[in-house]
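The block underneath contains the structure these notes are about, expressed in structure tokens.
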Number of protein chains: 4
Amino acid sequence: MAPKIIDREARRKEILMAAMKVSAAKGIKNVKIDEIAEAAGVGKGTIYEYFSSKEEIFGASIVEFLQHMEKIMAQKMFRAVTPQDKIRAMLHSWEEACKNEDNDLVALMIDVWAEGIRRDNKELLKIFNMKKVYERYREMVSAILKEGINQGVFRQIDVITVAGLLLATFDGIMIQWLLDSENTDLKKTADVLYETLMLGIIAKTDN
Amino acid sequence: MAPKIIDREARRKEILMAAMKVSAAKGIKNVKIDEIAEAAGVGKGTIYEYFSSKEEIFGASIVEFLQHMEKIMAQKMFRAVTPQDKIRAMLHSWEEACKNEDNDLVALMIDVWAEGIRRDNKELLKIFNMKKVYERYREMVSAILKEGINQGVFRQIDVITVAGLLLATFDGIMIQWLLDSENTDLKKTADVLYETLMLGIIAKTDN
Amino acid sequence: MAPKIIDREARRKEILMAAMKVSAAKGIKNVKIDEIAEAAGVGKGTIYEYFSSKEEIFGASIVEFLQHMEKIMAQKMFRAVTPQDKIRAMLHSWEEACKNEDNDLVALMIDVWAEGIRRDNKELLKIFNMKKVYERYREMVSAILKEGINQGVFRQIDVITVAGLLLATFDGIMIQWLLDSENTDLKKTADVLYETLMLGIIAKTDN
Amino acid sequence: MAPKIIDREARRKEILMAAMKVSAAKGIKNVKIDEIAEAAGVGKGTIYEYFSSKEEIFGASIVEFLQHMEKIMAQKMFRAVTPQDKIRAMLHSWEEACKNEDNDLVALMIDVWAEGIRRDNKELLKIFNMKKVYERYREMVSAILKEGINQGVFRQIDVITVAGLLLATFDGIMIQWLLDSENTDLKKTADVLYETLMLGIIAKTDN
DNA sequence: CATGAATGAGTCTTCATTCAT
DNA sequence: GATGAATGAAGACTCATTCAT
């Protein structure tokens, strides 16, 4: 009896969030299980009731983070109608993701990349594939660009390549901002990027 | 005496190079002193004759890496005359840096960022400051853009911001390429970036 | 009230049996409380309602096992009349104990010895004393031998020593059988042992 | 330079001996690496310079022990000429092995059996096979018995089975002695066993 | 100077035991 | 009474660093 209404899923998430918080602050490789436990407000052993190893927490953090980012982006672009507006929405969602209170979560991204690059992280590959993630992102942005081309607002560009470039810029700025948020004006950067990009891809509507 | 000093310096460099090689392949945090020693062809204890700690090797690797990158870039841009050519040269040097035989050195960049972001790496801060590094890079690119504006080829853009964006794009593409070199065509990317950027920043020369 | 007590006793026995089953299969030291609980079909906490510690389960298992063995032996020898028949009966009961369905229970014996040997297992000594167990066994066998001597069928042997030897042989064969049942023919072994032993202890009935 | 004349093999043996000593006293499963290190007079980490895991130490201990036993037995039987003398020599060597100063090494045997029985100890099987060990021993004893039969001193017995029985008796007595050395007179036991066995297997030389 | 054997602080992980429900 | 979630003490193992040769 006593079904013990403890929502395992919820508890797991709690621990995951705590893990992400400390991982972001110190770097995944530098976090101790003890620290995660303390941050989550549970005993060390409890961690292992929900995750089988440190590595698994790590993988789950990344998945969680990526899903989180995707959700944010999807929400922002929901209302936008024209391709230009959609791109603007993207810029804003990314700008906010950086500034967000969960801000240091973004630092996790670096660790995600670092691990993703090392080919021998089998454990990580079991859970997800960084390549696929980027492919999905590129596809998402490409769709917008294609729409713009079809509508005649954008010129005949290689959509996949431009999409890659746009995402790359996001990532790169994110890094600069993490390294030196004081000298990186996200708002201005977003505006300049939008302006320059538009000039670069807009269809010539001369005379 | 002098030769002795040179010997020491040479040996130190050898170890450093070996350290960078293995670090790039496995990720800085995952490299053991033993591995560095083996890669350098020296005994484990010898490492400590030239570096006081692992952390110091780590810091020295980063400095070495950044200087290496800067040198490459400087060489490429040396011959270029017009601002456009200089930007093209930059694109090429960056493209080559990626494809280079030292290719996995680029993977180090990720680790460099990761460490740079963590505020608590006092040891690293003693040696250099990631902020400064980016400031220098931005300054370098800004100078080219300013030149173009002065010459009337580029429109009145916020040079620092555009410089940041350009560097960001480089970094971002580098990541994509590291994660998935098969689906990232550096040549095409460089071309599209140049074309789009030029359209985005060129001065309107309409009558 | 009475039924309640019986219930408790029954449940305790159930857990004990489950514990013995898994202990036999994996070795006492390698069994986890979780496994016992699962095998017994109860919750982990429930175990502690019936036993105060793992060590106690362990001790109780041994006692249970030894009583079980003694019961089997007693049953077999009940009908035998002559000393020779009694010895034969012993051989058979031991042979069956090995082959029995509870077969892997026999593996427990090894663990029983292992623990019995370590002088520092205070907990175990509280419950019973391995020395006493063997003394009882030897006494039991001695009685049969003495009977044979009194009847003039066995020669004047040192009954205690021969009893010890006989028990030793049982134990030793058990080990061989556990280690390599394919190459150990229990039936033949029992027969050869009986034959040789009889020749060895029988009274000379030369003409 | 400085070839560092540290005999790795010798050091390994030292650690092994220390490991066997403490293992015998407390039971293999109950020994901590720290204890082995302390007993060997080295640091914890040093253990891992010579053995890759606790399990490996365990396996090596067993191998060492078996070789030790075999050597003792071989030495004793070297001088014996007649089959009877050889059996007597065997009895003595076994008697001595028990009484030996390395006495508690014998306790290890129990752990060896316990592990040998559990089929899933892959690590152990890599190093050696308990079955083979017993086969070798049986073969050794069988040879003596066969010799006796050929010479007409022993009757037509099933040599393999008798050999197994003899070894079994050794093992069994060893256990009794370990459990209760005070009440187990090895000398008397050896004598009685020899006498009884001889009567049991000797060829009838009646006129 | 160069070396690599030795070291032990630091970590992950396990599991017997507790206790709130 | 029964349960299983939570716990933390305990223990195997790693690896940067030291130091005798």
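For clarity, every value in this text was computed on a predicted model and none was experimentally measured. Labels below follow one simple rule: chain letters A, B, ... track the order of the sequence lines, proteins then strands, and each chain is numbered from 1.
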* Between E:dA16, E:dC1, E:dC12, which one does the side chain of A:Lys54 approach most closely? -> E:dC12
* Asked: Which parts of residues 36-46 of chain C get close to DNA chain E, meaning a heavy atom less than 4.0 angstrom away?
  -> C:Lys44
* C:Asp7 CG - F:dG1 P separation (whole Å) -> 10 Å
* Given the rule in the side-chain contact (heavy atoms from CB on, under 4.5 Å) test, do D:Leu16 and D:Tyr50 qualify, once you have shown the distances and angles that lead to the verdict? -> CA-CA 9 Å; D:Leu16 198 51; D:Tyr50 296 87; over 6 Å; no
* Answer yes when B:Glu35 and B:Lys54 have at least one side-chain N-carboxylate O distance shorter than 4.0 Å, and no when they do not. => no
* To do: Please work out if D:Ile33 contacts a base, only the sugar-phosphate, or nothing of the nucleic acid, heavy-atom cut-off 4.0 Å.
  => sugar-phosphate
* To do: Take atom CG of B:Asn30 and atom C1' of F:dA16, then tell me their distance rounded to the nearest Å.
  => 15 Å
* Asked: Within less than 4.0 Å of OP1 or OP2 of E:dC1, is there a side-chain N or O belonging to B:Arg11?
  -> no
* Asked: Is any side-chain heavy atom of C:Ile28 closer than 4.5 Å to a side-chain heavy atom of C:Leu108?
  -> yes
* In terms of side-chain geometry, is the basic nitrogen of A:Glu49 or A:Arg11 positioned less than 4.0 Å from the acidic oxygen of its partner? -> no
* Can you tell me how far C1' of E:dT14 sits from NZ of C:Lys29, to the nearest Å? -> 15 Å
* Structure fact -> 5'-most contact on DNA chain F (nearest-nucleotide basis), C:Glu49 vs D:Tyr48, goes to C:Glu49
* Structure fact -> From CZ of C:Phe58 across to C1' of E:dC15 the rounded distance in Å is 17 Å
* To do: Drop me the distance from C:Glu115's CD to C:Glu55's CD, to the nearest 0.5 angstrom.
  => 6.5 Å
* **Validation row: B:Met109, B:Leu66 side chains within 4.5 angstrom (heavy atoms)** => yes
* Between F:dT17 (P) and B:Glu56 (CD): distance, integer Å -> 10 Å
* Quick one: is E:dA5 close enough that its OP1 or OP2 comes under 4.0 Å of any side-chain N or O from D:Tyr50? -> no
* Structure fact -> Taken to the nearest whole Å, CD1/B:Ile28 to C1'/F:dA16 is 16 Å
* **Length of the line joining D:Asp34:CG and F:dC13:C1', which is rounded to integer Å** => 11 Å
* Asked: NA contact type, A:Phe51, heavy-atom cut-off 4.0 Å: base, sugar-phosphate, or nothing?
  -> nothing
* Asked: Is there a side-chain contact between A:Tyr48 and A:Ile33, using heavy atoms and a 4.5 Å cut-off?
  -> yes
* Axis deviation across the helix from E:dA2-F:dT21 to E:dT21-F:dA2, five-pair ends, to the nearest 10° -> 10°
* Would you call C:Lys29 and D:Asn30 a side-chain contact if the rule is heavy atoms closer than 4.5 Å? -> yes
* How far does CD1 of A:Ile47 sit from CD1 of A:Ile57, to the nearest 0.5 angstrom? -> 5.5 Å
* Distance, rounded to the nearest Å, where A:Ile15 contributes CD1 and F:dT7 contributes C1' -> 12 Å
